[in-house]
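Please read the structure below before turning to the comments.
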Amino acid sequence: MSTFVELVVNGVSMGSVYALIALGFVIIFKATEVVNFAHASLLLAGGYVTAVLHDDLGFLLALGAGIAAAAGAGALVEVLVLRRARVENHAVLAIVTIGVDIVLTTELTRRIGTEVLSLGDPWRDRIVTVAGVSVAETRIAALVTATVLITAFLLAFRHTSWGVAMRAAAEDGETAALMGVRLTRVSLGAWALAGALAAVAALFLTVFPTPGLDRGTSFAAMKAFPAAILGGSTPPPARSPAA
Amino acid sequence: MASGNLEVRDLSVSYGRAVRALRGVSLDVPAGSVTAVLGANGAGKTSLLRAISGTLPFHRGGVDAGGVRLGGRALTGLRPAAVVRTGVVQVPEGRRVFGRLTVEENLKAGALGARGRAGTAEARARVLDLFPVLAERARQRAGLLSGGEQQMLAIGRALMARPSVLLLDEPTLGLAPLVAARIGATVAEINRQGTSVLLVEQNAALALELASTAYVLEVGEVAARGASADLAAGDELRRRYLGAAAPPTERGEDTGDAADAAAGRGDRPTLARWTG
C-alpha cells in the first residue's frame with residue numbers, strides 16, 4: 001500500500017511539472033495562435049542559466065536569473081522573429097519556431113557537452129517519511145510549486161484585465177485592437193510568461209531523482225506536448241453559429 | 001465629452017499598394033453631431049473607418065495620402081490602441097463580439113483601452129442603462145445572444161471606453177426592422193448624451209433620419225454631401241445610391257440618364273424604404 005501511495009504522489013508530482021510546460025504552450029497558443037515548438041529550448045536555456053550561476057549567486061538568485069533568462073529569451077523570440085515575420089499563416093510561424101528551437105538547442109547542447117549539471121537546489125536527495133510512505137522532498141516541492149503557479153495563472157486568466165485582454169486577442173485580434181488592446185504587448189507577455197514557466201519546469205525536471213540537467217533534458221519538454229494538445233491548446237470546437 | 005471635430009482630409013487608401021479603396025475623401029464630424037456616410041457595397045465606407053481606427057494593416061492596407069485629425073491632433077499612423085485612447089472608438093461591421101467570452105467580459109474588454117480606470121464603473125452603469133438586456137445576460141457567453149443583442153453588446157462594449165467620437169459600421173445590418181429602429185433610437189440617445197457619431201449605413205432612410213449631415217461615397221470618392229433633410233428630399237442620392245432614375249412625375253432634367261428609359265415607361269417599383 002505504501003508503495004502505491006508513493007507512486008501516486010510521484011506520478012502526480014511529475015504530472016504537475018508537465019502541466020507547467022503544457023501551460024506555456026497553451027498560453028502562447030491562446031494569445032497568438034502559434035504552436036511554439038521552441039518551448040523545449042526555452043526550458044533548456046532557463047535550466048542552463050540556473051545551473052551555471054548557482055555556485056556564485058546561491059540557488060534562489062540563480063533560479064530567478066534562470067527564470068528571467070528564459071522569459072527574456074521567449075520575449076526575444078517574439079520581438080526578433082515572430083513580430084518581423086510578416087505572414088498571417090500561423091502554421092508558417094509554427095515552422096519558424098522549429099527553426100528557433102534547432103538554433104537554440106544546438107548552441108545549448110554545445111555548451112553543456114556531455115556534462116550533467118546540478119541546479120543547486122536546497123532539497124537535494126532528502127526524503128520525507130510519513131506513516132511509512134517515503135517521498136522525496138523535491139517531488140513535494142514540485143507539486144506545491146506547480147499547483148500554486150497554475151492556480152494563480154488560471155485565476156488571473158479568468159478575472160484580471162490581463163486575462164480578458166489575452167482571451168479577447170486570442171479570439172479576434174483586430175476587434176481586440178479596436179477595443180484598445182495592445183496586441184504586441186499581449187503577445188510579448190505571453191512569450192515571456194511561457195518562458196518563465198518553462199524555467200521553473202526545468203528545475204523540477206532535473207532535481208532528484210534525476211541526476212541533473214543534461215543535453216537530453218529538453219526532450220522531456222516534448223512529452224508535455226500531447227498534454228497541451230489534449231488539454232486545451234485547441235479552441236473550443238463548438239463555435240456559436242451566430243458569432 | 002466632446003473633444004473636438006473629427007476631420008478627414010484628402011484621404012487616399014489602398015490595399016496591397018494596388019487596389020485603391022479611397023481617393024481624396026474629405027469629411028467632417030463636428031463635435032456633438034451625427035454624421036452619416038452612405039454608399040453601396042465596395043464604395044469604401046469600411047475602408048474609411050479602418051483608416052480612422054488604424055486597422056488597415058490588418059488587411060494589408062495603408063493610407064497613401066491625406067490624413068485624419070481629431071481636434072487638430074493627427075490620428076493617421078497611430079496604432080488602433082492609441083486611437084482608442086484619443087477617444088475615437090469603432091463598433092466594427094458584423095458586430096464582432098467575443099463569442100467565447102461572457103457578456104460581462106466583453107464589456108470589460110471594451111474598457112481595456114479607456115483613458116484612466118476611474119470612470120469605468122460609471123461607463124458600465126450608463127451602458128446597462130441603455131441596454132438593460134445586457135445586465136440580464138451578464139454571465140452568458142456573448143455567442144449565445146441574438147443578433148440584435150449582439151449589436152447592443154458591440155455598441156455597449158465600445159461605450160465602455162467612454163468615446164468622444166463613436167464610429168458605427170452598419171449597426172443595423174441583418175437586423176429585423178423593429179430591432180434596427182431600436183438601435184437607431186439608442187444611437188440618437190448616445191449622441192444626445194454628448195458623443196459625436198460617425199454612422200456608416202446602407203439603410204439610408206434610418207441614417208438620414210439620425211444624421212444632420214450625410215456624405216455619399218461612390219467608388220472611393222465623395223459623390224454627394226449635404227444636410228440630411230436635403231439629401232432625403234432630393235433625388236440626387238436616390239439616383240446615385242440606388243442606381244434608379246427620378247420618378248416620371250418630376251422634372252425631366254435627367255435626360256441622358258440611362259435609367260430614364262425605364263422611368264419613362266413608369267413601371268418602376270416604388271421604393272417604400274425612402275418614404276421613411
Side-chain angles (χ1 to χ4, degrees), chain A residues 26-27 29-34 78-79 82-90 92-93 154-190 232-243, chain B residues 49-50 52-60 79-102 104-115 117 120 140-150 154 157-158 160-163 167 169 174:
Chain A
V26 174
I27 289 171
F29 185 81
K30 287 266 185 199
T32 61
E33 303 222 330
V34 173
E78 200 275 342
V79 172
L82 296 180
R83 199 172 289 184
R84 278 159 214 286
R86 294 203 158 274
V87 286
E88 269 126 58
N89 190 337
H90 297 302
V92 173
L93 291 175
L154 290 180
L155 286 175
F157 196 61
R158 197 127 282 287
H159 298 295
T160 65
S161 299
W162 170 81
V164 171
M166 252 190 58
R167 284 184 289 151
E171 188 171 330
D172 184 344
E174 184 182 355
T175 305
L178 281 177
M179 297 302 111
V181 174
R182 274 165 276 193
L183 296 182
T184 48
R185 204 178 271 195
V186 168
S187 163
L188 190 68
S233 244
T234 46
R239 278 195 168 221
S240 95
Chain B
L49 294 193
R50 282 179 187 156
I52 297 173
S53 285
T55 53
L56 282 169
F58 284 95
H59 306 271
R60 295 170 175 269
R79 299 221 176 152
V83 174
V84 170
R85 278 195 303 282
T86 67
V88 178
V89 181
Q90 186 188 146
V91 179
E93 182 179 352
R95 315 187 271 270
R96 305 274 287 263
V97 296
F98 302 114
R100 287 185 239 148
L101 272 58
T102 65
E104 179 66 42
E105 287 166 343
N106 267 273
L107 294 179
K108 223 169 166 181
L112 289 173
R115 298 157 288 181
R117 292 280 154 85
T120 300
Q140 264 183 35
R141 276 193 184 195
L144 299 175
L145 300 183
S146 73
E149 288 164 344
Q150 287 191 10
R157 184 179 62 176
M160 289 297 288
R162 284 169 284 137
L167 313 175
D169 197 350

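Chain letters run A, B, ... following the sequence lines, proteins first and then strands; every chain starts at 1. The model shown is predicted, which means the values in this text are computed figures rather than measured ones.
- Heavy-atom distances place both the backbone and the side chain of B:Ala109 under 4.5 Å from chain A.
- Rounded to the nearest 0.5 angstrom, A:Met179 CE and B:Leu112 CG are separated by 9.5 Å.
- Looking only at heavy-atom pairs under 4.5 Å with chain A, the residue among B:Gln90, B:Arg96, B:His59, B:Arg85 that has the most is B:Arg96.
- Residue A:Arg185 does not touch chain B at all, counting heavy-atom pairs closer than 4.5 Å.
- A:Leu178 CG to B:Phe58 CZ: the interatomic distance, rounded to the nearest 0.5 Å, is 7.5 Å.
- B:Pro92 and A:Thr175 make their closest contact through CG-CG2, 4.2 Å (heavy atoms, listed as atom of the first residue, atom of the second, distance).
- For the residue pair B:Phe98 and A:Asp172, the shortest heavy atom distance occurs at CE2-O, 3.8 Å.
- Without hydrogens or angle criteria, A:Glu171 side chain to B:Arg100 main chain gives a donor-acceptor distance under 3.5 Å.
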